[in-house]
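Report on the structure given below.
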Amino acid sequence: MQAITYERAGDIAGALRAAQQPGTMFIGGGTNLLDLMKGGVENPVHLVDITRIRSLDSIDTLPDGGLRIGALVRNSDAANHALIRTRYPLLSQALLAGASPQLRNMATVGGNLMQRTRCGYFYDTAFDQCNKRNLGSGCAAIGGHNRMHAILGASPQCIAVNPSDMSVALAALDATVRVDGPQGERTIAFDQFHRLPGDRPDLDTTLAPGELITAVDLPPPLFADHSHYLKIRDRASYAFALVSVAAALQMDGRTVKQARIALGGVAHKPWRASAAEQMLAGHELGEGTLREAATAALRDAQPQTSNRFKVQLAQRAIVRTINLAANPAAVRTGGVA
Ligand code: SF4
């Protein structure tokens, strides 16, 4: 058994100081990290508990009309916050689609960004082959059980997917991640925060060693009237997405002024469907346009042996989600095919 030391930080400066010790990890809600530690996947030698840093636990409006969500805000508190429900309903929906009520009550916004893939080979240390756990060992999922794995942006080193629902909505909303660390404060555009696996699948994010997420900033709300998050999963509750879609639209009648579309369950990071967004912008929504956009979004898909179904599933999910975003009344009545 490996000995672990533990300390509780009272402020950001204290947390960053403590993290200078090699082998340190920050712990917030612990809903993912403790599982990983119990399974021997993560083996920190020092834990810095950041849950008492009050400055990280608030939701505040920004001068430009946007919103700052502290890294320690619980997922359930964010999902049910009046400003998020009314100005960023897409984010509220995505948060409520994730995990279970008990987990959402514990999990933090910062921790949600840092959760690791649910690839079964990654979690089970009995399998030797996992480049994410042990760089250079191989990838057991390639040619193995890969029904849940990536169809976009994968590499020969890793085909895992990012499991976060919240992050899919944040990608569509063009959020910004605020971090503090040994080199000071900086911001990271959301699309640059999570990585594709490439030849370093052990790295999930672009955080530098010792950096701490302090908040997520949302730009002024443009899409509150027309957005929707759709999660398709094997069972109705507490399951990770086979495919999910976050769609946010600005509409002028039936014409799309601008569109933001992100996919979950398909890649190592939340996947922005930029080609589909461009095809929709300036066009009237119709079945032909929607199908063309959905086809464009999956044009580069490279499915694995057991997840070819995800390509068509994602295309259909895109069409349905955009229809639901464009027709919010239909969500209430169940009237969109
Ligand atoms: Fe490991 Fe990634 Fe392969 Fe899963 S897909 S076994 S996480 S290298």
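Since we're looking at a predicted model, the values are computed, not measured. Indexing begins at 1, ligand by ligand and atom by atom, following the structure's order. All values below were derived from every heavy atom in this structure, side-chain atoms included, with hydrogens, water molecules and symmetry-related copies excluded.
- For atom 1 (Fe) of ligand 1, the nearest non-hydrogen atom of the protein is Cys130 SG, 2.3 Å.
- A salt bridge between Asp204 and Lys132 is present, with a side-chain N of the basic residue lying under 4.0 Å from a carboxylate O of the acidic one.
- Between the side chains of Thr214 and Asp180, no donor N or O sits under 3.5 Å from an acceptor N or O.
- Coordination check, Cys139 versus atom 3 (Fe) of ligand 1: passed, since an N/O/S atom of the residue sits under 2.8 Å.
- Below 4.0 Å from some heavy atom of Phe122 lie the following atoms of ligand 1, by number and element: 7 (S).
- Among protein heavy atoms, atom 2 (Fe) of ligand 1 sits closest to Cys158 SG, 2.4 Å.
- Here Asp191 pairs with Lys269 in a salt bridge; the nearest charged N to carboxylate O distance falls below 4.0 Å.
- Here the protein heavy atom with the shortest distance to atom 4 (Fe) of ligand 1 is Cys119 SG, 2.3 Å.
- Between Arg233 and Asp165 no salt bridge is recorded (no basic side-chain N to carboxylate O distance below 4.0 Å).
- The single protein non-hydrogen atom nearest to atom 6 (S) of ligand 1 is Tyr121 CB, 3.5 Å, given as residue, atom name and distance.
- Contact annotation for Arg133 and ligand 1: no heavy atom of the residue comes within less than 4.0 Å of the ligand.
- Heavy-atom proximity to Gln157, at under 4.0 Å, picks out these atoms of ligand 1: 8 (S).
- The pair Asp217-Arg68 meets the salt-bridge criterion, since a charged nitrogen lies less than 4.0 angstrom from a carboxylate oxygen.
- Between Tyr121 and His149, the ring planes lie tilted relative to each other; the angle falls in the 30° to 60° range.
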